[in-house]
Amino acid sequence: MEKKDYLDLYYQMVLIRLVEEEAAVLYQQGKIGGFLHLYIGQEAVSTGLVAARKPQDRVITAYRDHGVAINCGISANEVLAELLGKVTGCSKGKGGSMHMADVTKNFWGGHAIVGAHLPIAAGLALGDQYAKNDGVTICMFGDGATNIGYFHEALNLSKVWKLPVLWVVENNQYGMGTAVDRASAVSEMRQKAEGYGMINARVDGMDVLAVKQAAAEALDYIRSGNGPYFLEAMTYRFRGHSMGDPERYRKQDEVKKWQENDPIGIYRSHLMTEGIATDAELDVLDDKAAEETRLAVQFAESSPEPAPEALWENVYVEN
Amino acid sequence: MEKKDYLDLYYQMVLIRLVEEEAAVLYQQGKIGGFLHLYIGQEAVSTGLVAARKPQDRVITAYRDHGVAINCGISANEVLAELLGKVTGCSKGKGGSMHMADVTKNFWGGHAIVGAHLPIAAGLALGDQYAKNDGVTICMFGDGATNIGYFHEALNLSKVWKLPVLWVVENNQYGMGTAVDRASAVSEMRQKAEGYGMINARVDGMDVLAVKQAAAEALDYIRSGNGPYFLEAMTYRFRGHSMGDPERYRKQDEVKKWQENDPIGIYRSHLMTEGIATDAELDVLDDKAAEETRLAVQFAESSPEPAPEALWENVYVEN
Amino acid sequence: MARITMREAISQALWEEMERDPSVFILGEEVGVWGVTYAVTKGFYDHFGADRVRDTPIAESAIIGAAIGAALTGQRPVAELMTINFAFSAMDHIVNEAAKLHYMFGGQMVLPLVIRAVGGGGRQLGATHSQTPDAIFAHFPGLKVVAPGTPADAKGLMKASIRSQDPILFIEHATLYQVRGEVQDGDYTVPLGKSTIQRPGRDVTIVTYSKMLEISTKAADELAKEGIEVEIVDLRSLRPLDMQPVIESFKKTNRAVIVEEGWRSFGVGAEVASRIYEEAFDYVDAPIQRVAQKEVPLPYNRVLEQSALPQVADVIKAVKEVV
Amino acid sequence: MARITMREAISQALWEEMERDPSVFILGEEVGVWGVTYAVTKGFYDHFGADRVRDTPIAESAIIGAAIGAALTGQRPVAELMTINFAFSAMDHIVNEAAKLHYMFGGQMVLPLVIRAVGGGGRQLGATHSQTPDAIFAHFPGLKVVAPGTPADAKGLMKASIRSQDPILFIEHATLYQVRGEVQDGDYTVPLGKSTIQRPGRDVTIVTYSKMLEISTKAADELAKEGIEVEIVDLRSLRPLDMQPVIESFKKTNRAVIVEEGWRSFGVGAEVASRIYEEAFDYVDAPIQRVAQKEVPLPYNRVLEQSALPQVADVIKAVKEVV
Ligand SMILES: Cc1ncc(C[n+]2csc(CCOP(=O)(O)OP(=O)(O)O)c2C)c(N)n1
Ligand SMILES: Cc1ncc(C[n+]2csc(CCOP(=O)(O)OP(=O)(O)O)c2C)c(N)n1
Ligand SMILES: [Mg+2]
Ligand SMILES: [Mg+2]
């Protein structure tokens with residue numbers, strides 16, 4: 001890994017953080033509607049995963065999708081424009097926070113029905129297997145999603161058909177207000193993979209380099225034709241499930257404890273102690289990200305609303 | 001176990017066998033419509049299971065339900081009458097082969113959507129847990145049913161809530177024409193229980209006493225408040241999936257091999273070698289079962305059709 | 001009499017029924033510790049305990065399946081689907097199991113089951129989270145479908161639903177929770193499967209239910225200023241569908257507009273209009289109008305979404321078409 | 001021209017499209033080794049191989065979800081649901097994913113997907129296995145719903161569906177498979193979303209589709225003997241719903257009977273009747289009649305089941321009501 005690669009990971013995480021903090025403000029101002037699920041605290045997971053992928057590797061996730069959207073190359077402009085429902089958004093303002101995608105960047109969304117995107121991910125992998133491409137599909141989902149039937153059907157099918165898919169559970173220890181042990185028969189998500197005889201591993205989701213490393217190994221394994229792989233990333237969301245979450249279900253000191261474990265802070269000090277970058281260099285990146293975010297807000301706010309006719313577009317390809 | 005108990009198990013298995021052989025004939029004669037799934041070859045599983053239950057234990061299964069219906073105490077009369085769609089059938093002729101039940105005997109059916117009865121079984125167990133009864137729900141299903149989402153949601157819920165339910169997979173090695181390994185990520189169904197951290201065991205489903213023993217242990221474990229238990233019974237269906245199955249998917253000698261392993265034959269010789277019963281005594285039971293079956297066919301054939309108004313009955317309790 | 005919100009009305013009904021009958025319990029996602037996304041069962045967990053207010057995994061088939069099973073044993077579960085959009089993740093258990101077990105087994109299985117589902121659009125939740133698919137559930141005999149439009153009906157219908165022996169899908173509209181209305185004190189029920197006149201009038205009959213009762217009422221207020229007296233019939237239940245008040249009103253006004261939030265094609269309006277023509281053909285003076293959602297998946301953008309949902313202006317326009 | 005069965009027609013369409021386009025493949029339960037419960041893809045496995053004729057686990061959500069994903073990558077999967085009753089086990093993927101992805105992401109996702117589903121009652125399969133819930137799928141914008149009534153249409157519509165860029169639910173009626181009809185030789189398609197006149201007549205318009213086309217035709221033959229000339233319009237697709245031939249016919253006959261196999265309430269007839277009244281109100285001479293399934297879960301008993309399904313006599317009776 002070259003220095004610029006190290007710095008790029010840092011920049012991505014900072015940009016995600018700042019864009020989402022802006023999003024929170026815009027939501028409070030009533031400029032963003034619907035649900036807004038912030039990824040703050042989990043940035044190292046998607047950043048590490050996407051850093052390990054090849055261009056032909058597809059990425060698909062749930063509704064907590066702003067971070068991975070940016071990692072996949074969707075601009076802060078398009079992300080914020082989508083949040084504001086503008087025609088310049090990555091989904092033309094029709095999808096919103098939960099439905100961001102850019103298939104030209106091999107990012108397949110942004111899906112709001114818990115677990116429903118897992119069978120679709122299996123299908124993306126089936127498409128590549130059928131076409132004899134060597135792409136791998138990286139499918140991210142939450143701990144809560146492992147309890148729904150879609151998870152089971154998708155994992156079983158992927159193993160039976162040896163589909164090239166990397167299953168990544170982001171175990172942030174809660175599904176909305178429900179702690180893992182109150183909803184799941186097992187506390188370690190990776191144990192579920194045993195029921196499918198599927199190779200699995202667990203990684204510290206607050207350590208972006210560890211995630212990248214684990215993902216790279218998993219992707220090699222899958223790309224070599226060994227079938228699916230199950231990766232559990234231990235992480236934590238610093239904010240509520242979505243905006244307006246009373247957070248009655250967890251103690252403030254638990255949240256504090258984790259916030260001290262900030263993936264960006266951890267990575268920043270790592271870069272410095274390892275002598276990869278200086279404080280000053282990183283400050284420059286912070287400022288750059290702040291500026292990009294500021295301009296993105298401007299872009300989003302000044303972008304036009306979709307035309308009224310847009311309502312009738314894209315219901316079908318062929319009318 | 002007293003001698004009469006041994007003989008009773010034998011009698012039940014023979015009766016199931018003869019009733020189903022008659023059913024096959026009636027189907028060929030066009031007197032039975034719809035699908036007819038015969039249990040022939042698997043009799044030892046339900047017979048052993050039900051022999052181990054207490055009256056307060058509920059039983060629920062899939063559409064291959066004639067055998068367990070008889071084990072639960074539904075008469076051959078009511079079973080054959082139901083197959084002929086008569087008002088004297090256990091479901092008044094409205095359910096047919098796939099939907100037999102008698103809740104007064106704690107037999108809760110007979111369900112035709114693969115796997116859909118597993119969440120319902122969890123609910124039956126929840127009802128007992130909520131009411132603080134010490135009943136256990138015995139839920140039977142096939143190997144193919146372990147691949148559908150309902151299985152996953154039900155097993156996970158039962159473990160999280162420590163529900164008093166005994167999950168019994170009848171592994172007859174095929175789901176219709178699909179061999180276990182072509183549909184399931186793992187060949188041993190019991191391994192799926194590991195994904196839920198659920199205690200599990202495997203038993204020879206052709207040995208009625210082994211099944212009864214395994215079930216008794218499992219029921220004790222559950223009744224003591226330890227939560228669900230997963231039991232895999234290895235068995236084989238001697239006939240096609242349902243009437244009119246071309247059986248292109250399995251070799252005749254495989255079928256032969258298993259037929260030599262007939263659960264009734266095995267048990268009969270066991271009773272004799274152990275000196276529990278004589279050839280003559282067992283012949284008497286065979287004749288008795290044959291006679292009961294003959295009379296049941298007469299009963300069913302001579303029973304009346306439901307009245308036309310029955311069409312409108314039981315849509316709702318309160319109209 | 002007290003003026004309370006729809007949220008309070010439903011909450012009271014659940015609370016009072018749980019106090020009255022120990023066999024009533026609640027299960028669903030976030031109904032307990034969190035107190036529900038829509039705060040309807042806020043406080044229940046602390047009062048009734050984890051046994052009667054059960055947080056479930058995210059597993060809709062298990063939620064409904066477990067509720068069916070518990071109901072079969074004689075308990076009275078109230079299963080909550082966080083939104084009706086997730087009913088599709090439990091579809092088989094709702095339409096193939098709950099709706100059929102009683103009939104299919106010749107009446108021996110009884111399911112006193114209530115499935116609460118929050119529905120409706122208009123909150124920029126996007127296409128998968130904004131649906132009003134009420135009509136498709138009403139298509140299945142064996143299931144009863146209830147959808148109140150006022151706090152008073154919500155409370156009475158919820159109590160009737162919980163006391164019923166039949167499986168009921170109880171649809172609540174998310175944007176009605178904060179709507180206030182007069183609710184009589186004490187215990188009362190509103191009969192299932194009975195439509196009612198919510199507003200008397202002589203010129204036109206508007207047939208509607210749930211959220212669209214509010215929209216229709218606003219339209220009626222506007223029209224009254226122009227001297228057009230609208231009579232509003234609230235269906236309250238979609239199955240059984242009680243046409244009697246509709247027909248009586250129509251025979252008086254000879255004109256009807258049906259207002260529903262869901263998509264027009266194969267929706268509620270189609271059924272109601274067809275029945276009016278079948279049962280009161282000779283009284284029809286003008287083509288019956290349907291006001292419904294534009295036939296697109298609902299977009300996120302606020303302006304677009306609102307342009308797809310039935311508005312007061314659409315109702316007024318439709319009424320003027322028929323008078 | 002050849003006289004072949006509906007089964008052969010659909011089988012030919014699938015076979016020819018698979019020969020023509022390598023991106024077309026089949027997945028579903030028992031489609032391969034077994035050759036399908038209804039033998040439509042018998043022989044395909046041996047000819048096209050396990051890669052293109054894929055037996056799946058019993059996991060309907062995975063079948064449809066996987067088909068959606070593969071379609072997104074540019075393949076053209078034909079996913080088979082052994083019966084439409086199992087579509088409820090994949091409901092979310094059909095109505096929330098397949099029907100919405102193209103719209104929700106602003107058009108960037110394209111799903112050339114065909115979901116085959118065998119439907120219909122009348123074979124004593126009991127309440128959970130005998131449904132004709134076509135109308136509820138037609139309620140969802142974004143999905144196209146096709147249901148042919150003749151071998152010729154079945155072949156042409158299947159080819160058009162496979163070549164389409166949109167997600168399509170293709171409903172086949174189990175008791176139509178052995179029905180024979182003239183099918184032109186060679187490659188041809190029948191346009192999606194186009195209704196057609198299957199039988200010309202001047203006195204009454206019967207609007208129907210799928211299995212009920214057969215029943216309606218028998219009724220028409222009987223009525224012809226009494227000098228009543230029935231014109232039969234076959235919808236062929238339920239969404240988009242092409243009313244033009246219906247309206248044209250109705251403006252000529254001024255009388256209509258709608259015949260569907262599914263339940264009456266919130267069914268296909270309600271939508272078609274409502275649209276006729278909306279689009280040809282001044283041409284209505286008599287109340288439009290609906291012939292449909294009695295509103296009960298279908299019982300197993302043959303006599304009871306048949307008494308619940310629309311029969312030739314019911315159609316004749318309805319026609320006589322309107323003439
Ligand atoms: C099928 C379905 N049920 C319920 C919901 C409501 N819901 C949205 S997010 C969520 C929690 C998911 O938790 P998890 O999978 O752990 O993801 P996280 O939010 O922690 O990232 C729930 C219950 C939904 N969107 N879809
Ligand atoms: C949800 C659903 N999908 C498909 C079917 C059709 N089907 C009926 S039985 C069966 C095979 C089930 O196999 P298994 O669970 O092993 O039970 P067995 O028949 O071997 O006893 C299938 C696919 C169904 N009834 N329900
Ligand atoms: Mg989580
Ligand atoms: Mg099997």
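Basis for what follows: all heavy atoms, side chains included, without hydrogens, waters or symmetry-related copies. So that the names make sense, note that chain A is the first sequence line, chain B the second, and so on, each numbered from 1.
- In plain terms, the two heavy atoms of C/W34 and A/Y249 that are nearest each other are CZ3-CE2, 3.5 Å.
- With a 4.5 angstrom heavy-atom cutoff, A/L36 does not touch chain C via any of its atoms.
- Interface residue C/S89: backbone and side-chain heavy atoms are both found under 4.5 Å from chain A.
- For the set A/G96, A/S91, A/G244, the entry with the most heavy-atom pairs within less than 4.5 Å of chain C is A/G96.
- If you tally non-hydrogen atom pairs under 4.5 Å between each of C/I58, C/T56, C/V303, C/D55 and chain A, the highest count goes to C/I58.
- The environment of CZ in A/R250 is crowded: more than 12 heavy-atom neighbours from other residues, nucleotides or ligands sit within 6.0 Å.
- A heavy-atom distance below 4.5 Å is not found between the side chains of C/Y300 and A/M98.
- Residues of residues 306-319 of chain C that come within less than 4.5 angstrom of chain A, heavy atom to heavy atom, are C/S307, C/A308 in numerical order.
- Against chain C, the residues from residues 306-319 of chain A that qualify, each with a non-hydrogen atom under 4.5 angstrom away, are A/P306, A/A307, A/P308, A/A310, A/L311, A/W312, A/V315 in number order.
- Note: A/D245 leads A/D245, A/V87, A/I32 in heavy-atom pairs under 4.5 Å with chain C.
- Of the N and O atoms on the side chains of A/T178 and C/E30, at least one donor lies less than 3.5 Å from an acceptor on the other residue.
- To the nearest 0.5 Å, atoms CG (C/N301) and CD (A/E82) are separated by 9.0 Å.
- Side-chain atoms of A/I148 and C/E60, non-hydrogen and from C-beta on, do get closer than 4.5 Å to each other.
- Annotation: maximal heavy-atom pairing with chain A below 4.5 Å, among C/G126, C/P299, C/S61, occurs at C/P299.
- Closest of all the heavy-atom pairs between A/F35 and C/H129 is CE1-CD2, 4.1 Å.
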Check step by step if side-chain contact (heavy atoms from CB on, under 4.5 Å) holds for C/E305 and A/K94.
-> CA-CA 9 Å; C/E305 183 187 26; A/K94 282 181 164 177; over 6 Å; no
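- Under the 4.5 Å side-chain criterion, counting only non-hydrogen atoms from C-beta, C/L304 is not in contact with A/E305.
- For the options A/G85, A/A183, A/G33, heavy-atom pairs under 4.5 Å to chain C are most numerous at A/G33.
- For the pair A/H99/C/T128, a side-chain contact is recorded, criterion being any heavy-atom separation below 4.5 Å from C-beta on.
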